S.K.: 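Please find one structure pasted underneath; my questions will follow.
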Protein chains: 2
Amino acid sequence: MEDVARGAGVSRALVSLVFRDSPRVSDRSRARVLQVADQLGYRPNAMARGLASRHGRTVGVLINDLHNPFFAEIVDGIEALADALGFRLLLGHGGGSARELSVLGTILEFRPAGLVLLSPDTPSGVIAQQVGGVPVVVVGRPVRRPGMDTVVNDEAHGARLAVEHLAQLGHRRIAHVSGGARGAGAKQRARGYGVAMRALGLGADACVVPGGFTEQDGVEAAARILADGEPPTAIFAANDLVAVGVMAVLDDHGLAVPGDVSLVGYDNSALARVRHVDLTTVNQPRHEMGQLALACLLERIRGERDRAVLHRITPTLVVRSSTAAPRA
Amino acid sequence: MEDVARGAGVSRALVSLVFRDSPRVSDRSRARVLQVADQLGYRPNAMARGLASRHGRTVGVLINDLHNPFFAEIVDGIEALADALGFRLLLGHGGGSARELSVLGTILEFRPAGLVLLSPDTPSGVIAQQVGGVPVVVVGRPVRRPGMDTVVNDEAHGARLAVEHLAQLGHRRIAHVSGGARGAGAKQRARGYGVAMRALGLGADACVVPGGFTEQDGVEAAARILADGEPPTAIFAANDLVAVGVMAVLDDHGLAVPGDVSLVGYDNSALARVRHVDLTTVNQPRHEMGQLALACLLERIRGERDRAVLHRITPTLVVRSSTAAPRA
DNA sequence: ACAGGGTGTTAGAGCGCTCTAACGATCGTT
DNA sequence: AACGATCGTTAGAGCGCTCTAACACCCTGT
């Protein structure tokens, strides 16, 4: 920095002002400083900058599982807004709750202005204790805790979209393969399914098969459904992977999708878009979720808001070729 | 830190030594310092630490595409080694070459000790200029440049494995849907296919259909293959996604896999493992690639090596149910 | 010609840590 | 008992930046 200042014939402080985009610098000085900096290959040191400045322009993002492209799209949304606002992101990868906590610690050592946690495994109490006073937004898991905001998908609404779509096609016996007891949003989806079925007067036909979030869970659930006598005409699966598992078993039993059984997934993952699968599914606007999460975090960082908020994003239904009217 | 020192009745410098895991601290002092630190919720400031110390223990990782789970597994490998060696990772997400360069800049502002670039889009010349003297390892793209090491998959070997497997089953007319002209490794795979076919005396039967790396590319290539009269008895696709596209078209034409046509993919992606797909495919040991990349970077950081190296990882074949002997 | 309000620039004191060099204490050795 | 060697500890000078407060400078209006 000293060198740049000398090269441009100005003081160190002015160089600093230029790199902070201060409006109080004349165009001529700015241009000269930038030119000399470029020529000398000078690049500000984020460490020193972070140390000296009180307001960090860095936000930490903890991704639960890098393997799940679901999170990638949320990160896209966060990035889009961060880029626009001049914030830098520090990405961390959890993967197992023990590691998650240590990665959280690492991010915190960089003193971020705030934290976005994508579906964290760690209990919110532990997180709250770790982060101290740093603002936190949790995405994908409802957390009721002062000082933590939340962005979640309206799972019940998503389930209702699926059920109503199937009912509209004429299905009455619609089964649900649930995401199990622990999966994020699984319970809410199952509950939403139940509510929607009753609201349509199909409460008597409702049937929840316990499952999980893996393909194998779908396979096992489907096997159980087919073993139980007359199969339903439609199945709403807890997510796309489960739906694919169900689809495989139906195929093995000579049941066509959607000819014999209609199938709806959840997540609108890349898998659902595969030509061979082409699954009707509930789409969560992930990009929007990411943007909202960061926007929400910034409100708190700027001290514009103090009470915790819970944003519930409304999902949409993507109709593909795995659903049709039931066989007459 | 001052407070911790006071609380433990020692000097600031000793607290620093404790947090740097120095062996020159008595167990008694260490225990007391750690206890007081924990009690006060003290956490070292990575900024200040990075500023003051010359040898950063931070490594930057630039991920080309967060949506591609392929990279996630490489990151897993990097993380495993980094954790073991006490290095922290700074993850960045490219996504489009313009953004990639700016993200690279952001990471560099944190003055990492080294950089791992996963399949960067940016030309190596530009990268070299940006990073200055920071050691770099490029994964997934062969780069010949002093100061940059490379970890790549042995694409030619992978292609040979696929072809030999099919030939061993009795196939002779084996077509290849290539990954196009621009895709990473596409040309090497196509060349490897050609070499393997000739080596097996099947040079006359070799047939490369131009494609790409998307499902749609597979669909189009398959359509072209089927339009050209007698179809081959086996198809080796540039990657799994392409294979799935091919599979869909074969299915549409009433051709069974592997009954009528055997199919081999490349990457051993999650898609290949889907029950319904169950694709024979070439597996790149991604975890190992990540570990090797970091190990290689550390050699250079430590100054143990100066000349550039190129590590070529040997892939393996994962046989599933998309390949079988041709119909007699 | 001079006050008054910008505008553009600067000196200098930290930010929280690491690291060098040096120190006092304890030990085994002669 | 005196000696150097080793161990545990400490003071104090930076690391490269930001930021406050003050300062020079150039207008404009009277």
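Note that the structure is a prediction, hence the values are computed from the model and not measured. Each chain gets a letter, A, B and so on, in the order the sequences are listed, and its residues count up from 1.
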S.K.: Would you mind reading off the distance between B/Met47 atom CE and C/dC15 atom C1', rounded to a whole angstrom?
M.R.: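 About 11 Å, once rounded to whole Å.
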
S.K.: Side chain of A/Leu51, heavy atoms from C-beta onward: which of C/dC17, C/dT10, D/dG16 has the nearest atom to it?
M.R.: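 Between C/dC17, C/dT10, D/dG16, the one nearest the side chain of A/Leu51 would be D/dG16.
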
S.K.: Using whole Å, what does the distance between atom P of nucleotide C/dC15 and atom CG of B/Asp3 come to?
M.R.: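 So the CG-P distance, B/Asp3 to C/dC15, works out to 13 Å.
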
S.K.: Rounded to whole angstroms, how far apart are CZ on B/Arg6 and C1' on D/dT10?
M.R.: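 After rounding, the reported distance stands at 16 Å.
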
S.K.: Could you check which of D/dC17, C/dG16, C/dC19 has an atom nearest any side-chain atom of B/Ser53?
M.R.: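 Nearest to the side-chain atoms of B/Ser53, counting from C-beta on, is C/dC19.
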
S.K.: Would you indicate, yes or no, if C/dG16 has its OP1 or OP2 atom less than 4.0 angstrom from a side-chain nitrogen or oxygen of A/Arg111?
M.R.: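 False: A/Arg111 side-chain N/O out of range (4.0 Å or more) of C/dG16 OP1/OP2.
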
S.K.: Let's see if you can work this out: which of D/dG8, D/dC19, C/dT9 has an atom nearest to the side-chain heavy atoms of B/Ser29?
M.R.: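 The listed nucleotide nearest to B/Ser29's side chain is D/dG8.
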
S.K.: Does D/dC19 have OP1 or OP2 sitting under 4.0 Å from an N or O in the side chain of A/Ser16?
M.R.: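 A/Ser16 to D/dC19 OP1/OP2: no side-chain N or O under 4.0 Å.
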
S.K.: How many whole angstroms separate atom CZ of B/Arg43 from atom P of C/dC17?
M.R.: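 Distance check: B/Arg43 CZ to C/dC17 P gives 12 Å.
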
S.K.: By nearest heavy atom, map B/Arg24 and A/Gly9 onto DNA chain C; which one lands nearer the 5' end?
M.R.: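 Closer to the 5' end of DNA chain C: A/Gly9.
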
S.K.: Please evaluate the base of C/dT18 for a donor-acceptor partner in the side chain of B/Arg12 within a cut-off of under 3.5 Å?
M.R.: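 Counting by modelled atom types and ignoring angles, a donor-acceptor contact under 3.5 Å is found here.
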
S.K.: Do B/Gln284 and B/Asp267 meet the criterion of a side-chain donor-acceptor pair at a distance under 3.5 Å?
M.R.: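 Side chains of B/Gln284 and B/Asp267: pair found under 3.5 Å.
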
S.K.: Take atom CZ of A/Arg30 and atom P of C/dT7, then tell me their distance rounded to the nearest Å.
M.R.: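 Atom CZ in A/Arg30 sits about 14 Å away from atom P in C/dT7.
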
S.K.: Taking all non-hydrogen atoms of both residues, which atom of B/Asn268 and which atom of B/Arg286 are closest, and how far apart?
M.R.: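 Scanning both residues, the minimum pair turns out to be O-NH2, 3.0 Å.
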
S.K.: D/dT9, OP1 or OP2 - any side-chain N/O from B/Ser26 closer than 4.0 Å?
M.R.: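 B/Ser26 to D/dT9 OP1/OP2: side-chain N or O found under 4.0 Å.
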
S.K.: Heavy atoms under 4.0 Å, any strand shown: does B/Arg49 hit a base, just sugar-phosphate, or nothing?
M.R.: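 Touches sugar-phosphate only.
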
S.K.: Could you check how far CD of A/Glu2 sits from P of C/dG12, rounded to whole Å?
M.R.: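 Answer to the nearest Å: 13 Å.
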
